[in-house]
Enquirer: 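Dropping a structure here in structure tokens format, bear with me for questions.
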Amino acid sequence: MNKLVIIKGGGDLATGIAHRLFRCGLDIVVTEISRPTVIRRSVAFANAIYESEITVEGVTAVFAQLAEIPALLQERKIPVVIDPQCIIRHSLSPWGLVDAVMAKRNTGTSMQDAKIVIGVGPGFTAGQDVHRVVETMRGHDLGRVILEGTTAANTGVPGEIGGYTLERLITAPNAGKFRAVKKIGDVVKAAEILCYVGEAPVCATIDGVLRGILHDGLMVAKNMKIGDIDPRIQDVNCWSISDKARAIGGGVLEALLMSESCFQVPSV
């Protein structure tokens, strides 16, 4: 039985999806770009590209080449491969494919990519370029499976945490090379220097715990998101999958299985 699902993207939301599907017995392969710009690196399988492997809540992902995928799946690990165009779908022939790149647009995914193709967040139309879409906006419909049409439009405003929205995000004041001063899990104060972009210092906007920050050495563009402060100051949140990622993961699981006969219990 083919139970292989390719997940495009290895950020924190994609990792929440991969983690849930993996724990439900599916085989998972993650595709990424060569220099992922993930913020919540401590809970992102994409970080395996920098660290060789990463374990998130008991599930291990390993940076891999195509030839290593079968052995890693046999070991119940998640291979992470550099493949921005997801070319490996042709050789692996997955049962399912989930586009969780979170680009707010479709970067090339189609219903022909696998037997069941799921789009996560804005940019996809169920029944047109993917089979189903999963809502990612916080609120009443978070994680809802959409059978026809699209999700809510991207507002550009992150969900509220501890009374803060835009204030908790750290963005680059200019283009340049990124260099961190603080690390994930550090408690920071407003106006404290977190990092540098080129020669420009970037300071915390609020008090809190640094929940995410870019990998050192990346080139960033002006206004690019480079960090995330959690005002709740609970460092355990830095090392665990978020409520949002878990909800979206549940929606993707539902979207994959809701009409798949090969997972139904045979009649007696």
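Computed over heavy atoms, backbone and side chain alike; hydrogens, waters and symmetry mates excluded.
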Enquirer: As an exercise, state the distance from CZ of Arg35 to CD1 of Ile82, rounded to the nearest 0.5 Å.
Expert: 10.0 Å

Enquirer: Just how far is it from atom OG1 of Thr37 to atom NE2 of His215, taken to the nearest 0.5 Å?
Expert: 12.5 Å

Enquirer: Rounded to the nearest 0.5 Å, what's the gap from CG on Leu92 to CG on Leu97? Could you check?
Expert: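 Rounded to the nearest 0.5 Å, the CG-CG separation comes to 10.5 Å.
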
Enquirer: Does the side chain of Ile229 come within less than 4.5 Å of Leu210's, by heavy atoms?
Expert: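 Yes, close enough: below the 4.5 Å cut-off.
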
Enquirer: Give the intermediate values and the outcome of side-chain contact (heavy atoms from CB on, under 4.5 Å) for residues Thr125 and Val133.
Expert: CA-CA 7 Å; Thr125 302; Val133 178; 6.0 Å; no

Enquirer: I want to check something: taking the side chain as every heavy atom from C-beta on, are Ile88 and Thr31 in contact at a cut-off of under 4.5 Å?
Expert: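 When only atoms from C-beta onward are counted, Thr31 and Ile88 do touch, with a gap below 4.5 Å.
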
Enquirer: Within 45° of the axis and under 6.0 Å from the centre of the six-membered ring of Phe22, does NZ or CZ of Arg76 qualify?
Expert: yes

Enquirer: Does the pair Thr109 and Lys8 meet the rule for a side-chain contact (heavy atoms from CB on, under 4.5 Å), with working shown?
Expert: CA-CA 9 Å; Thr109 297; Lys8 296 171 68 174; 2.8 Å; yes

Enquirer: Taking the side chain as every heavy atom from C-beta outward, state whether Arg41 and Ile184 have any atom pair closer than 4.5 Å.
Expert: yes

Enquirer: So which heavy atom on Ala204 is nearest to which on Lys189, and how close?
Expert: CB-O, 3.3 Å

Enquirer: Give a yes or no on whether Val220 and Tyr50 share a hydrophobic cluster (residues Ile, Leu, Val, Met, Phe, Trp, Tyr; joining criterion: side-chain heavy atoms under 4.5 Å apart).
Expert: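 Linked within one cluster.
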
Enquirer: Side-chain heavy atoms nearer than 4.5 Å, only ILVMFWY residues, links allowed to pass through others: does that put Val252 and Leu142 together?
Expert: yes

Enquirer: Between CD1 of Ile78 and CG of Leu21, what distance do you get to the nearest 0.5 Å?
Expert: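 Those atoms lie 8.5 Å apart.
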
Enquirer: Between Arg89 and Asp113, is the salt bridge (Lys or Arg N to Asp or Glu O under 4.0 Å) condition met? List the steps.
Expert: CA-CA 7 Å; Arg89 71 185 188 277; Asp113 291 342; 3.0 Å; yes

Enquirer: Are any of the side-chain heavy atoms of Val5 and Val98 separated by less than 4.5 Å?
Expert: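 Yes - at least one pair of side-chain heavy atoms lies under 4.5 Å apart.
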
Enquirer: Within the supplied structure, the quantity of interest is the number of heavy atoms (other residues, nucleotides, ligands) at a distance under 6.0 Å from His140 NE2; does it exceed 12?
Expert: no

Enquirer: I'd like to know whether Ile213 forms a side-chain contact (heavy atoms from CB on, under 4.5 Å) with Cys195, so could you lay out the CA-CA distance, the side-chain angles of the two residues, the decisive distance to 0.1 Å, and finally the verdict.
Expert: CA-CA 9 Å; Ile213 196 165; Cys195 57; 4.3 Å; yes

Enquirer: How close do Ala14 and Gly9 get, heavy atom to heavy atom, and via which atoms?
Expert: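 Between these two residues, the closest heavy atoms are CB-O, 3.2 Å.
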
Enquirer: Look at the side chain of Glu32 and the backbone N and O of Gly10, then say whether any donor-acceptor pair between them is shorter than 3.5 Å.
Expert: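 The answer is yes, because a donor-acceptor pair under 3.5 Å joins these two groups.
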
Enquirer: Among side-chain atoms of Thr55 and Thr60, is any donor-acceptor pair under 3.5 angstrom?
Expert: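 Short answer, yes.
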
Enquirer: Given 3.5 Å as the limit, does a donor-acceptor pair link the side chain of Thr15 with the main chain of Phe45, or not?
Expert: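 The answer is yes, because a donor-acceptor pair under 3.5 Å joins these two groups.
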
Enquirer: Is Arg138 paired with Asp243 through a side-chain N to carboxylate O contact shorter than 4.0 Å?
Expert: yes

Enquirer: Would you call Asp12 and Val38 a side-chain contact if the rule is heavy atoms closer than 4.5 Å?
Expert: no

Enquirer: Nearest heavy-atom pair of Cys86 and Ile6: which atoms, and what distance?
Expert: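 Nearest pair, atom of Cys86 first, then Ile6: SG-CG2, 3.7 Å.
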
Enquirer: If you measure from CD1 on Ile54 to CG on Asn47, what distance do you get to the nearest 0.5 Å?
Expert: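 CG of Asn47 is found 4.5 Å from CD1 of Ile54.
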
Enquirer: Do Ser242 and Arg40 have side chains that get closer than 4.5 Å, going by heavy atoms?
Expert: yes

Enquirer: What heavy-atom pair brings Gly123 and Asp129 nearest, and what distance separates the two atoms?
Expert: O-OD2, 3.9 Å

Enquirer: Transitively linked via ILVMFWY side-chain contacts under 4.5 Å: Val101 with Leu214?
Expert: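 Val101 does not cluster with Leu214.
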
Enquirer: Are Ile7 and Val130 linked, directly or through intermediate hydrophobic residues, by side-chain heavy-atom contacts shorter than 4.5 Å (ILVMFWY only)?
Expert: no

Enquirer: Kindly indicate, with the supporting measurements, whether the criterion salt bridge (Lys or Arg N to Asp or Glu O under 4.0 Å) is fulfilled by Glu192 and Lys182.
Expert: CA-CA 10 Å; Glu192 188 174 3; Lys182 298 293 184 178; 2.8 Å; yes

Enquirer: Supply the atom-to-atom distance Leu256 CG to Lys3 NZ, rounded to the nearest 0.5 angstrom.
Expert: 14.0 Å

Enquirer: Could you go step by step and tell me if Arg168 and Asp207 meet the salt bridge (Lys or Arg N to Asp or Glu O under 4.0 Å) rule?
Expert: CA-CA 9 Å; Arg168 63 185 180 82; Asp207 295 352; over 6 Å; no

Enquirer: Can you check whether Ser34 reaches Ile49 side chain to side chain, under 4.5 Å on heavy atoms?
Expert: no

Enquirer: With the 4.5 Å side-chain cut-off for hydrophobic clustering, are Leu73 and Phe63 part of the same group?
Expert: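 No.
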
Enquirer: Measure across Ser93 and Asn2 and return the closest heavy-atom pair with its distance rounded to 0.1 Å.
Expert: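 Minimum heavy-atom separation between Ser93 and Asn2: O-ND2, 3.0 Å.
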
Enquirer: Tell me which one of Leu169, Val197, Leu194 satisfies side chain to side chain contact (heavy atoms under 4.5 Å, CB included) with Ile226.
Expert: Val197

Enquirer: Is the number of heavy atoms from other residues, nucleotides or ligands under 6.0 Å of Glu199 CD greater than 12?
Expert: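 12 or below, so no.
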
Enquirer: The test is side-chain contact (heavy atoms from CB on, under 4.5 Å); show your working for Val134 and Ile118 and say whether it passes.
Expert: CA-CA 7 Å; Val134 176; Ile118 309 300; 3.9 Å; yes

Enquirer: Spell out, as yes or no, whether a donor-acceptor pair under 3.5 Å connects the side chain of Glu51 to the backbone of Ala48.
Expert: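 Answer holds: no.
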
Enquirer: Between Asp230 and Arg211 (side chain of the first, backbone of the second, donor and acceptor by atom type, cut-off under 3.5 Å), is there such a pair?
Expert: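 Absent.
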
Enquirer: Could you tell me which non-hydrogen atom of Pro70 sits nearest to which non-hydrogen atom of Leu66, and how far apart they are?
Expert: CD-O, 3.9 Å

Enquirer: Verify, without hydrogens or angle tests, whether Glu135 (side chain) and Met137 (backbone) share a donor-acceptor contact under 3.5 angstrom.
Expert: yes

Enquirer: For Trp239, does its backbone N or O pair with a side-chain atom of Asn237 as donor and acceptor, under 3.5 Å?
Expert: no

Enquirer: Does any N or O in the side chain of Glu57 come within less than 3.5 Å of the main-chain N or O of Ile241, such that one atom is a donor and the other an acceptor?
Expert: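 Checked: pair present.
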
Enquirer: Donor-acceptor pair, Asp186 side chain versus Val188 backbone, under 3.5 Å?
Expert: no

Enquirer: Any side-chain heavy atom of Arg132 within less than 4.5 Å of one from Ile116?
Expert: yes

